[in-house]
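Every number for a ligand or one of its atoms is a count from 1 in the order of the listing.
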Amino acid sequence: MQMLHPFCGSIQQYEQQLSNPNRYRPDHCPLCHAQDPLRAHGFYCRTLVDVQYDGSIRVCRYLCLLCKRTVSLLPEFVLPYQRFSIRVIGLFLVSRLLSRRTLGEAAGAASQPNMPYQRSQFWVRRFNQQATALCAVLASLTTVLAARDLLPRALQMLEAIGWIPAHRFLFGELRAHLLFWPRFLIPHGCRVNLSPTPPSS
Ligand SMILES: [Zn+2]
């Protein structure tokens, strides 16, 4: 199970503080809810593309001594099951959908000048499908309701709240994904998908 790492800072600062996995060790197991059963259980590596970063990061893993399941702490600048950081996706979507830039210009704004057309279209399509639900869910976090149309309104709300704080709320509180959960997680019912329609890819 993935949980949010309660750490704010840069990728470099994140990597540095991993030398002490006990520093942010959760005080309870989110799966069986036992108190203080988690022990450091190494790391796994995942790829990450940020504005000025393209590589892999380590993710802390913990083992519950009671239920024997593992919990990993995902840094809050990444989205579960997404190689691209929240910052990159946010910069692209704001540029493309709010500032009405071309796909190429929006990719450049996100420091991804060689982004494939399919990926950019996929993000736009997924965000379009999330906009209505995001407007409803994020309304408790901001009073910004400038745009009448849901798509620009959702983006303005995310900009006002901050994309990472919004993700912290969606994932940390609601187990909801800013864009979409991968298909293999949907049928299990353990995650909340904001979208009324399941993802097609
Ligand atoms: Zn447990």
Side-chain angles (χ1 to χ4, degrees), residues 1-50 53 55-90 126 129-130 133-134 136-141 158 161-201:
M1 180 179 188
Q2 294 178 328
M3 288 177 75
L4 266 187
H5 195 307
F7 166 80
C8 304
S10 68
I11 296 173
Q12 289 72 21
Q13 290 166 331
Y14 166 75
E15 281 287 343
Q16 285 163 9
Q17 57 78 42
L18 289 182
S19 59
N20 180 9
N22 283 324
R23 184 170 171 195
Y24 292 104
R25 180 163 54 92
D27 62 1
H28 70 284
C29 171
L31 295 160
C32 71
H33 304 292
Q35 291 297 311
D36 200 30
L38 298 178
R39 294 295 175 266
H41 193 55
F43 304 92
Y44 70 87
C45 286
R46 56 155 285 162
T47 54
L48 174 67
V49 179
D50 194 23
Y53 186 88
S56 66
I57 59 168
R58 290 182 300 163
V59 175
C60 274
R61 200 158 44 189
Y62 300 88
L63 175 70
C64 175
L65 299 180
L66 209 65
C67 70
K68 308 295 182 195
R69 288 177 286 187
T70 57
V71 174
S72 53
L73 287 193
L74 209 58
E76 59 182 16
F77 45 78
V78 306
L79 283 169
Y81 305 99
Q82 271 291 319
R83 189 157 67 93
F84 292 84
S85 71
I86 293 175
R87 191 168 169 218
V88 166
I89 294 172
R126 290 307 317 179
Q129 292 171 356
Q130 292 284 72
L134 283 173
V137 172
L138 296 178
S140 62
L141 301 185
L158 283 164
I161 296 163
W163 286 70
I164 288 176
H167 162 64
R168 195 184 300 140
F169 172 73
L170 291 168
F171 182 60
E173 303 290 326
L174 308 176
R175 303 294 297 172
H177 201 292
L178 194 57
L179 287 181
F180 58 95
W181 287 110
R183 178 182 280 275
F184 73 90
L185 281 174
I186 302 299
H188 298 289
C190 58
R191 318 284 182 141
V192 177
N193 187 7
L194 288 179
S195 172
T197 54
S200 55
S201 62

Handout entry: Donor-acceptor pair, side chain of Gln2 and main chain of Tyr81, under 3.5 angstrom
Key = no

Practice task
Look at the side chain of Arg168 and the backbone N and O of Glu173, then say whether any donor-acceptor pair between them is shorter than 3.5 Å.
Solution key: no

Exercise for the section: State whether the side chain of His177 and the backbone N or O of Pro80 hold a donor-acceptor pair below 3.5 Å, judged by distance alone. Expected result: yes

Completion exercise
So salt bridge (charged side-chain N to carboxylate O under 4.0 Å, His left out) across residues 55-71, not counting sequence neighbours, yields Glu15-Arg58

Problem - Check: Arg87 side chain, Phe77 main-chain N or O, donor-acceptor pair, under 3.5 Å - result: no

Exercise for the section: Return the number of protein N, O or S atoms with a distance to the Zn ion (ligand 1) smaller than 2.8 Å. Expected result: 4

Practice task
Look at the side chain of Tyr62 and the backbone N and O of Pro21, then say whether any donor-acceptor pair between them is shorter than 3.5 Å.
Solution key: yes

